Amino acid sequence: MIKKITVFLLGLLLFIPINGMAAAESPITVDMHYLVVSPAEDGSTNMMNMVNFSNTSAEEFNGDGTGEAVLNVTIPTGATGFSFLDNKVAQKQVDTGFITTDPVPANQTVVLPYSYKMTKGEEINLSFDYPVQMMQILVPEGMGSIEFKNVTATNQGLFKMDDQNYQGYSVEGIEAKQSFTMIYDKDKQPSASEAQGSEQGTGATSTNVTKTAPSFHNPGHLRMWAQSPLKTFDPHVFLIVMAAIIIAALSYFGYFRMKARAEEKRLGADKEESAFKNLMAKQKAIMDKILELEENFGDGNMSEEDYQAKLAAYKQHLVQVKMNLRQFVE
């Protein structure tokens, strides 16, 4: 009897972590999270987000099965003035942020634009429900700077977008439920070195040679050869034989390396073509969204404020896609 109870308890101990791991796994990942930070007229901080949620599985994603939520989006504690900027996506506010209820198609990406405000001077604690491959934070030039805690952020320097300069920061490889702190100060501008980013120019320098190299048959080298066990061999013949052996070995190794690289290049070309087609599809989808947005605004189906907010978000996303496409044509 005791043996049966022991076996049963061991089975429970093995069953619990396995199920816990399975429940924790999700096919949803965030491949890009854009965040534009700027001061609001009332003194608070505007936080405008555009997030790409991708379903990496070959099946439609309908949530974890515990409720009506398909995607969960957590916003920082203390956020006010929440606004969701896409009326075609079904969403509902909850205590921690908001949820969406529309399924995510297999191997497709859903873009969620939303905004909220944070109290001036307070630390902004960010945490996400899904892993984030890259988060890009933009601050309009002259509207302050950002410091980060508990995460490694890269200062991308200034870049221009829609006749407006932005100070860019990026954070990569954010894990699900990982939290970090962002401190925005609208009165503290980036230093000159920060505005230029991490890239530094390189320049050629010249060096004056004041000592010439020794002649080919250096007396010291000849003495070392005469004292070595190889003194009975002609040094020139010996070098020719050794060079032939090395060349043969390198050629043999290079042949198989070339075959392996050719295979890798073929696979890499397929991946690049797939990535290029994906970016082109994203660009077309964003352009369609912008045209649809303009039609809705022209028909009077949305306010000027919502139109400008959505248009700015789509343009930011479009600029990033074009920057990625530039890598394939340069």
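Please read these numbers as outputs of a predicted model, since none were measured by experiment. The figures here come from the full heavy-atom set of this structure, side chains too, leaving out hydrogens, waters and symmetry mates.
Looking at heavy atoms from C-beta onward, Lys92 lies in side-chain contact with Glu68 at the 4.5 angstrom threshold. By the 4.5 Å heavy-atom criterion applied to side chains, Leu112 and Phe84 are counted as neighbours. Side-chain contact between Glu141 and Leu158 is present, with heavy atoms from C-beta onward closer than 4.5 Å. Val139 places none of its side-chain heavy atoms less than 4.5 Å from the side chain of Tyr166. Residues Lys188 and Ser145 form a side-chain contact, since some pair of their non-hydrogen atoms from C-beta on lies under 4.5 Å apart. Gln108 has its side chain out of reach of Asn55: every pair of non-hydrogen atoms, C-beta onward, lies at least 4.5 Å apart. Using a 4.5 Å cut-off on side-chain heavy atoms (C-beta onward), Pro76 and Leu126 make contact. Looking at Ile286 and Asp288, their side chains never come closer than 4.5 Å, going by heavy atoms from C-beta outward.
The aromatic rings of Tyr34 and His317 are tilted relative to each other, their planes meeting at an angle between 30° and 60°. The aromatic rings of Tyr307 and Phe297 lie parallel to each other, their planes meeting at an angle below 30°, with 60° marking the opposite boundary. Relative orientation of the Phe82 and Tyr114 rings is tilted, given thresholds of 30° and 60° on the angle between their planes.
In this structure a side-chain-to-backbone donor-acceptor pair under 3.5 Å is missing from Thr119 to Glu122. Looking at Asn49, its side chain does come within 3.5 Å of a backbone N or O of Met47 through a donor-acceptor pair. Of the possible donor and acceptor atoms, none in the side chain of Ser44 sits under 3.5 Å from a partner among the backbone N and O of Ala40.
Considering every non-hydrogen atom in both Gly168 and Leu138, the closest pair reads CA-CD2, 4.1 Å. When every heavy atom of Ser38 is checked against every heavy atom of Met143, the shortest pair comes out as CB-SD, 4.2 Å. The two residues Thr56 and Pro27 come nearest to each other via the heavy atoms OG1-O, 2.7 Å. Ala79 and Tyr116 get closest at one heavy-atom pair: CB-CD1, 3.7 Å. Closest non-hydrogen pair, Thr100 versus Phe98, comes out as CG2-CE1, 4.2 Å. Annotation for Tyr130 and Leu71: closest pair OH-CA, 3.4 Å, computed over non-hydrogen atoms.
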Query raised in the report: Do Lys149 and Ile183 pass the side-chain contact (heavy atoms from CB on, under 4.5 Å) test, and can you show the C-alpha distance, the side-chain angles, and the key distance before you say yes or no?
Result: CA-CA 8 Å; Lys149 292 182 179 179; Ile183 305 170; 3.5 Å; yes
Report task. Applying side-chain contact (heavy atoms from CB on, under 4.5 Å), run through Phe180 and Met135 and close with a yes or a no. Result -> CA-CA 12 Å; Phe180 63 92; Met135 182 177 186; 4.0 Å; yes
Report task. Given side-chain contact (heavy atoms from CB on, under 4.5 Å), test Met182 with Leu35 step by step and report yes or no. Result -> CA-CA 12 Å; Met182 191 173 73; Leu35 172 60; 3.9 Å; yes
Query raised in the report: Run the side-chain contact (heavy atoms from CB on, under 4.5 Å) check on Met32 and Val30 step by step: do they pass?
Result: CA-CA 6 Å; Met32 183 63 75; Val30 175; 5.8 Å; no
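Surrounding CD of Glu175 are at most 12 heavy atoms belonging to other residues, nucleotides or ligands under 6.0 Å away. Around the CD atom of Gln308, the shell of radius 6.0 Å holds more than 12 heavy atoms that belong to other residues, nucleotides or ligands.
For Gln167 and Asn155, the side-chain atoms include at least one donor-acceptor pair closer than 3.5 Å. Under the 3.5 Å distance criterion, with hydrogens and angles disregarded, a donor-acceptor pair is assigned to the side chains of Asp31 and Ser54. Side-chain contact annotation: Thr109 with Asn52, donor-acceptor N/O pair under 3.5 Å absent. In the model, Gln156 has a side-chain atom that pairs as donor or acceptor with a side-chain atom of Gln136 under 3.5 Å. Looking only at atom types and distance, the side chain of Asp64 has a donor-acceptor partner in the side chain of Thr66 under 3.5 Å away.
A distance of 12.0 Å separates CD1 of Ile75 from CD1 of Ile124, quoted to the nearest 0.5 Å. The line from CD1 of Ile146 to NZ of Lys186 is 14.5 Å long, rounded to the nearest 0.5 Å. Taken to the nearest 0.5 Å, the CD atom of Glu147 stands 11.5 Å off from the OG1 atom of Thr181. Residue Thr74 holds its OG1 atom at 5.5 Å from NZ of Lys177, rounded to the nearest 0.5 Å. In this structure, Ile99 CD1 and Gln91 CD are separated by 9.0 Å, a value rounded to the nearest 0.5 Å. To the nearest 0.5 Å, atoms NZ (Lys117) and CG (Asp42) are separated by 4.0 Å.
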